[in-house]
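Numbers here are sequence positions counted from 1. First listed ligand is number 1; within each ligand, the first listed atom is number 1. These numbers come from the heavy atoms of this one structure, side chains and all, not from hydrogens, waters or symmetry mates. Computed from a prediction, not measured in an experiment: that's the story for all the values here.
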Amino acid sequence: MNIRATTRLCGLIGNPVEHSLSPFIQNELAEAMNIDMAYVTFKVENNLQMAIEGAYQLNILGMNITKPWKEDTKDYLVDIDKIAENVGAVNTLVRCENGFKGYNTDVFGFDRELLEEKIDIKGNNIVIIGAGGAARAIAFLLASKGAKKIYILNRTVEKAKIIANDVREKLDYTQIIPKHIDKYSEIEERDYIAIQTTNVGTYPHIDSVVLKNNNFYKNALCGIDIVYNPSTTKFMKLMNENGKKSYNGLKMLLYQGVAAFELWNKVKVPSEVINKIYDKLITLQKSK
Ligand code: ATR
């Protein structure tokens, strides 16, 4: 990478940031697309407002936002995209006049993964495991894409209820049902797309999974885990053992990065470039 006087800077605000794959993804994209941009991490411990305002004053082109700041960022923006506003979380800042506009490219990333894997949401039943930020973004996306029915299973059922109520209210979508995780067997449908949104099963806890009962997997159409390390999680193994296809979260991660890169640089990244970076990401994961 050649850093010059003209190089525009982008970065990731969060805490911790040291394990992020975003610098790899963004700098690979910049190089492949021949764009004079560099991407670094910024560990922000307590003053988010100062960090965002400072970034603007430093002429930074764009930012990604990760934990623990995705929900707080909306207070320091000049504008917010409708999807990010509904979801209540911002993970991308795009420079505009007088400040940054906030987007949620996690939603775009998941949507694109569904498209690339040819997973049809319209008219299908969905079971989401977990009720954190990722579950919330996915519930909003899938309700807006015409899912038939969406179940949200969580060990803290109140959190599932909050998401369900917000989706009902903001999208006028009624077919969303919160449940305690232990009551998963009450789900009558036998053809749902199961989406694992908790961090359970992430390296080094590779044998952990929220639901262990084979019946849950037998009744599914397929399974998507947002965890990508390891590349085949216990949740995915259980899906496969029950004859169902499963997908990890690496593509979603890559596509959310591509969406942010496209917003910052006003370009469209061709599929060949994305596929090459995806292969490099897999090699990188294997070498860890
Ligand atoms: P994110 O923003 O990445 O979705 P999060 O907001 O921390 O992360 O949410 C994590 C989700 O994983 C939550 O739904 C959490 O359940 P609780 O709401 O009950 O805390 C779920 N989770 C984490 N560890 C879990 C475990 N061991 N068993 C079941 N669910 C778990």
Side-chain angles (χ1 to χ4, degrees), residues 12-22 44 48 64-74 83-84 86-92 102-111 113 126-143 150-167 176-187 194-213 216-217 223-230 233-238 247-257 260:
L12 172 69
I13 287 179
N15 185 21
V17 287
E18 293 81 4
H19 303 291
S20 171
L21 285 173
S22 291
V44 173
L48 179 67
N64 281 134
I65 309 285
T66 189
K67 277 179 187 173
W69 301 120
K70 284 187 190 187
E71 285 78 23
D72 297 335
T73 292
K74 58 183 181 304
I83 297 167
N86 273 341
V87 170
V90 166
N91 83 320
T92 300
Y103 290 83
N104 188 317
T105 67
D106 289 333
V107 173
F108 301 157
F110 193 73
D111 196 19
E113 168 165 5
I126 311 289
V127 175
I128 297 174
I129 301 170
R136 189 180 169 82
I138 289 168
F140 268 94
L141 173 72
L142 302 189
I150 301 174
Y151 291 93
I152 305 182
L153 306 179
N154 202 38
R155 68 178 173 188
T156 314
V157 73
E158 286 70 29
K159 282 167 77 178
K161 283 183 183 163
I162 291 171
I163 297 178
N165 285 340
D166 278 0
V167 170
I176 183 159
I177 299 153
K179 264 189 194 301
H180 192 278
I181 190 82
D182 293 344
K183 301 211 170 144
Y184 70 90
S185 58
E186 288 177 8
I187 295 172
I195 305 169
Q196 199 305 112
T197 72
T198 77
N199 49 14
V200 177
T202 305
Y203 180 86
H205 309 289
I206 59 170
D207 290 323
S208 303
V209 65
V210 175
L211 285 175
K212 294 183 184 73
N213 192 307
F216 176 79
Y217 300 90
I224 307 170
D225 199 330
I226 68 161
V227 174
Y228 52 82
N229 183 20
T233 62
K234 181 75 180 169
F235 170 85
M236 293 169 65
K237 280 183 185 160
L238 286 166
Y247 309 85
N248 71 27
L250 197 60
K251 279 202 174 146
M252 175 184 173
L253 176 82
L254 176 57
Y255 290 132
Q256 66 74 28

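Looking only at protein heavy atoms, the nearest one to atom 19 (O) of ligand 1 is Thr156 OG1, 2.4 Å. Closest protein heavy atom to atom 8 (O) of ligand 1: Lys67 NZ, 3.2 Å. Counting only heavy atoms of the protein, atom 9 (O) of ligand 1 lies nearest to Gly132 CA, 3.3 Å.
Counting all heavy atoms, side chain and backbone alike, Tyr103 lies closest to Ala84 at C-CB, 3.8 Å.
Of the listed residues (Gln196, Glu158, Arg155), the one carrying the non-hydrogen atom nearest atom 25 (C) of ligand 1 is Arg155.
The distance between the ring centers of Phe235 and Tyr217 falls below 6.0 angstrom.
A distance-only check finds a donor-acceptor pair linking the side chain of Asn64 to the backbone of Asn91 [under 3.5 Å]. In this structure, the side chain of Glu113 engages the main chain of Met252 through a donor-acceptor pair within 3.5 Å.
Residue-ligand proximity, Lys159 to ligand 1, at heavy-atom distances under 4.0 Å covers atoms 17 (P), 18 (O), 20 (O). Counting the atoms of ligand 1 from 1 in the order shown, those under 4.0 Å from a heavy atom of Ala134 are 1 (P), 2 (O), 4 (O). Every atom of ligand 1 with a heavy atom of Asn199 under 4.0 Å away is listed here by number and element: 23 (C), 24 (N). Per-residue contacts place Gly133 under 4.0 angstrom from the following atoms of ligand 1 (heavy atoms of the residue considered): 1 (P), 2 (O), 4 (O), 6 (O).
Here the rule is side-chain contact (heavy atoms from CB on, under 4.5 Å) with Ile129, and of Ile195, Ile181, Thr197 only Ile181 fits it. Of the candidates Val209, Ile224, Asp225, Asp225 is the only one forming a side-chain contact (heavy atoms from CB on, under 4.5 Å) with Met236. Tested against Lys159, the residues Val157, Ile163, Thr156 include a single side-chain contact (heavy atoms from CB on, under 4.5 Å) partner, Thr156. For the pairing with Lys70, the side-chain contact (heavy atoms from CB on, under 4.5 Å) check across Thr73, Thr66, Asp72 returns one residue only, Thr66.
The part of Asn154 lying near ligand 1 is the side chain, judged by heavy-atom distances below 4.0 Å. Contact annotation for Thr198 and ligand 1: heavy atoms of both the backbone and the side chain come within less than 4.0 Å of the ligand.
Checking only distances, Gly130 never comes within under 3.5 Å of ligand 1, N or O to N or O.
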